[in-house]
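Since the structure comes first, as structure tokens, the remarks are kept for the end.
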Number of protein chains: 2
Amino acid sequence: MASTLHDVARLAGVSIKTVSNVINDYPHVRPATRERVEQAIAELGYTPNLTARSLRSGRTGAIALAVPELGLSYFAELAASVIEAAEEAGVVVLVEQTGGDRDRELELLRSPRLKMTDGLIFSPLGMGQDDVDRLDVPYPLVVLGERIFDGPADHVTMRNIEAARAATEFLLRTGRRRIAIVGAHEGEVIGSAGLRLRGYREALDAAGVPFDESIIGYTTLWHRSNGARCMRELLDRGAEFDAVFGLNDTLALGAMRVLQEAGLRVPGDVAVVGFDDLDEARYSIPSLTTIDPGREWIAATAVRTLLERIEHPDAEQPARLLLADFRIAERESAGAALDSASAALESAGAILHQGAGADA
Amino acid sequence: MASTLHDVARLAGVSIKTVSNVINDYPHVRPATRERVEQAIAELGYTPNLTARSLRSGRTGAIALAVPELGLSYFAELAASVIEAAEEAGVVVLVEQTGGDRDRELELLRSPRLKMTDGLIFSPLGMGQDDVDRLDVPYPLVVLGERIFDGPADHVTMRNIEAARAATEFLLRTGRRRIAIVGAHEGEVIGSAGLRLRGYREALDAAGVPFDESIIGYTTLWHRSNGARCMRELLDRGAEFDAVFGLNDTLALGAMRVLQEAGLRVPGDVAVVGFDDLDEARYSIPSLTTIDPGREWIAATAVRTLLERIEHPDAEQPARLLLADFRIAERESAGAALDSASAALESAGAILHQGAGADA
DNA sequence: ATCGGCCAGTACAACGTTGTAGACTCGGCG
DNA sequence: CGCCGAGTCTACAACGTTGTACTGGCCGAT
């Protein structure tokens, strides 16, 4: 059905290798021959069989992206950015969902289905630091997220601690003193929750504000409903606070909903800050002040790094850690500065911290 | 680096075909031989080269999914469902973004990159009915959405007219009479906007409520911000209404935000209904009453239909139109019934209309 | 005893492409 | 005049897999 080099060669009266040479812009082809071949290609509507080309070249021109779930806005937007960056590099993206399940993540790492791709961008959620050895795979791999550090593969991620610290400092600077947390993970040290909580504590310590366990809300999965539930529990137990730091936007949005249901005004009574800068944060009521963690940069860097590894598979370059810059996206939910200094800051554009890209 | 059938065969002392037979569960292999081969496979960590297998078999085990943008929640959730359904069928999914741009959509349809897949699930947004002939492609294709009807390819979509009519009837039944529209497309007949507006008009006509152009809000792209802008325009020009039908959830959510900013209570002063049943609709404030258009069924059916076409490429079965059932997901933004009949209905569970799946 | 049929396993070709080696022509230079 | 090198093109092999056809050996039925 689909035509091959043989068909084109027969029609043009040349060998199949000459057709191949024309397609690949090999220079030593007479213009007359080239034209004859091109005409035959057009006539037959020939397109090269990429599978055969892959077999021959050992490259597929596809990369895999594994995320927990596209239904989670953060990963949907991450995937969008990865696909876009890959497209610019002429590469297509095969998307897998792991559900954030450790077993499925481990299984995926050794799945033969990856043989269809040249490498993997992997965002684990179920695996932890103990599984670090499982990242030692026989194909190019770039890891995202904060579940596993110092692994054998390149790692692109965000400045969780610094960003969370900046978010907390922002709230402190606007006069808030009792900053509740929504979404903490019990006993976690590494991982988004652990790192962001650490940034929060660093900011409190630096400002001399005591850490108060009673306004820390714990939960498991970072779903909207859990943000709501978490906030409801805080309110029910009579916790007192004048600000909320949701460890991601979905949590913050869920929490904000509960605050409003309870008759509290945002940001009047309680300021709310999130983390992720989802598209949605721009359109909530009120719009959500949040951390833009550099998602696009992360996506572009992950693709670029992976393609470099694919290009030079034998390069003995050690695994790198690449960190994105972040900024505070200041909006309504925590824009009302309580003193004049921060009011000036507010109008200035809100880039509070611009970390240096650690490309080394 | 990676081992091949040859390596395994050499180690096990058999021919490569026997190894192949073991892998493919060919029955006529002696248990002793099978075991020897399996041991060699384990020892070498052999996994089959899927590219070579694809070349040989003519099948890749991958399908492509082309959507406008994963940043749009509807398509992110659609993609999630498609990937899940494909996974169950043992197939992987290559995701492309067209940006809803007609030229990129047309280009994608003849892109050689599709050669890496067995078929395409295509959700166009820029193309229109005039481009129907472009869907006559030399590979299995399933079309989604409502941009193009009666094309040469299988088409899986939702009951836009009936669902929009049911949404409108729901508002009418709860006593609303002045139902504003957010997100109409000027002059559109086909397409989600055109069809949903038609369902709206049918409901009005059936109830003897006059259609009033002054409460129809027009916009272009269905982004949150456009829903907000659209609603602001309606308010600015002094339009009077007691309900809003957002032609999708993002529009409705944007509109709801503006209503609340303007001091109007939802659903007290204005009831709001959306369309899509995004995850987000469950967690907005108030939660959004909306149409569940059967997205999961659409995804599963698209995958199943595509795989059937791939399986039987020569079957001369004519292109089919497959329609999903829908239901009203009744939530807070339009739950407050104004009469006792609908109050009873409200507590009943809100499946207002259950269309029959047209699998013929 | 001979044949047909089943079992276990093998050799070869083919999927469509591209790298390598080489054939053939032609012009220029020694 | 003969040789070299560059230009143009071709034949062949190989990427790793699997379908087809085949070889023997064995058993039971004729």
Side-chain angles (χ1 to χ4, degrees), chain A residues 1-38 40-41 44-62 112-118 138-139 310 313, chain B residues 1-38 40-41 44-62 112-118 138-139 310 313:
Chain A
M1 197 174 88
S3 50
T4 73
L5 282 185
H6 282 96
D7 305 323
V8 177
R10 201 174 320 120
L11 183 60
V14 296
S15 79
I16 71 166
K17 190 62 218 292
T18 299
V19 180
S20 172
N21 286 340
V22 168
I23 289 165
N24 295 295
D25 283 325
Y26 180 74
H28 301 306
V29 178
R30 256 186 309 175
T33 312
R34 164 161 276 129
E35 188 168 345
R36 211 146 30 94
V37 169
E38 273 164 355
I41 288 175
L44 293 173
Y46 167 83
T47 51
N49 180 318
L50 296 192
T51 302
R53 193 176 274 180
S54 294
L55 176 59
R56 185 59 234 232
S57 70
R59 290 274 208 81
T60 65
R113 309 198 302 188
L114 291 177
K115 274 279 167 59
M116 251 188 294
T117 64
D118 296 331
Y139 49 82
I310 292 169
Chain B
M1 195 175 91
S3 51
T4 74
L5 282 185
H6 282 94
D7 304 323
V8 177
R10 200 174 319 117
L11 183 58
V14 295
S15 77
I16 71 165
K17 190 63 219 291
T18 298
V19 180
S20 171
N21 287 341
V22 168
I23 289 165
N24 294 293
D25 283 327
Y26 180 75
H28 301 307
V29 179
R30 253 184 313 176
T33 312
R34 163 160 278 130
E35 188 168 345
R36 211 149 27 98
V37 169
E38 273 164 356
I41 288 175
L44 293 173
Y46 166 82
T47 53
N49 180 317
L50 295 192
T51 303
R53 194 177 272 181
S54 294
L55 176 60
R56 183 61 235 234
S57 70
R59 290 273 209 80
T60 65
R113 309 197 303 186
L114 290 177
K115 274 279 167 61
M116 249 188 294
T117 65
D118 296 331
Y139 50 82
I310 291 168

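Every value quoted in this text rests on a predicted model; they were computed, and no experiment measured them.
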So [X], base contact, sugar-phosphate only, or nothing? Heavy-atom distance under 4.0 Å.
{"X": "A:S54", "value": "nothing"}
{"X": "B:Y26", "value": "nothing"}
{"X": "B:N21", "value": "base"}
{"X": "B:S57", "value": "nothing"}

How far apart are the closest heavy atoms of [X] and [Y], and which atoms are they?
{"X": "B:G58", "Y": "B:D118", "value": "O-OD1, 4.2 Å"}
{"X": "A:Y46", "Y": "A:T4", "value": "CE1-C, 3.6 Å"}
{"X": "A:A2", "Y": "A:D7", "value": "O-OD2, 4.3 Å"}
{"X": "B:I23", "Y": "B:R53", "value": "CG2-NH2, 3.8 Å"}

For the pair made of [atom1] in [X] and [atom2] in [N], what is the distance, rounded to whole Å?
{"X": "B:M116", "N": "C:dG16", "atom1": "CE", "atom2": "C1'", "result": "15 Å"}
{"X": "A:D25", "N": "D:dT8", "atom1": "CG", "atom2": "P", "result": "15 Å"}
{"X": "B:L5", "N": "D:dG19", "atom1": "CG", "atom2": "C1'", "result": "14 Å"}
{"X": "B:I16", "N": "C:dC12", "atom1": "CD1", "atom2": "P", "result": "12 Å"}
{"X": "B:R59", "N": "D:dT18", "atom1": "CZ", "atom2": "P", "result": "14 Å"}
{"X": "A:R10", "N": "C:dG16", "atom1": "CZ", "atom2": "P", "result": "11 Å"}
{"X": "B:L50", "N": "C:dC15", "atom1": "CG", "atom2": "C1'", "result": "16 Å"}
{"X": "B:H6", "N": "C:dC12", "atom1": "NE2", "atom2": "P", "result": "12 Å"}

Item to complete: Give a yes or no answer on whether the side chain of B:S20 reaches the backbone of B:I16 with a donor-acceptor pair at less than 3.5 Å.
Response: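 No; judged by distance alone, with no hydrogens or angles, the pair does not exist.
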Worksheet item: Just by distance, do the side chain of B:T51 and the backbone of A:L55 share a donor-acceptor pair under 3.5 Å?
Response: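 Such a contact is absent between B:T51 side chain and A:L55 backbone.
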Worksheet item: Got a donor-acceptor pair under 3.5 Å from the side chain of A:R56 to the base of C:dT17?
Response: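 No, the side chain and the base share no sub-3.5 Å donor-acceptor pair.
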Given [options], which nucleotide is nearest the side-chain atoms of [X]?
{"X": "A:R53", "options": "C:dT18, D:dC9, D:dC15", "answer": "C:dT18"}
{"X": "B:V29", "options": "D:dT17, C:dT17, C:dG9", "answer": "C:dG9"}
{"X": "B:A52", "options": "C:dT17, D:dG16, D:dT18", "answer": "D:dG16"}
{"X": "A:R30", "options": "D:dT17, D:dT8, C:dT17", "answer": "D:dT8"}

Practice prompt. Give a yes-or-no answer on whether the side chains of A:T18 and A:S15 include a donor-acceptor pair shorter than 3.5 Å.
Written response: yes
Worksheet item: Does D:dA11 have OP1 or OP2 sitting under 4.0 Å from an N or O in the side chain of A:S15?
Response: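 Looking at the OP1 and OP2 atoms of D:dA11, neither is under 4.0 Å from any side-chain N or O of A:S15.
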Worksheet item: Starting at the 5' end of DNA chain C and moving along, which residue's nearest nucleotide shows up first, B:H28 or B:T18?
Response: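 Upstream on the strand: B:H28.
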Worksheet item: So which one's nearest nucleotide on DNA chain C is more toward 5', B:G13 or A:K17?
Response: B:G13
Worksheet item: Over its full length, what angle do the end axes of the helix from C:dA1-D:dT30 to C:dG30-D:dC1 make, each axis taken from five pairs and the result rounded to 10 degrees?
Response: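 Rounded value for the end-axis angle: 70°.
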Worksheet item: To the nearest 0.5 Å, what is the distance between NZ (B:K115) and CG (A:N49)?
Response: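 Nearest 0.5 Å value for the NZ-CG distance: 6.5 Å.
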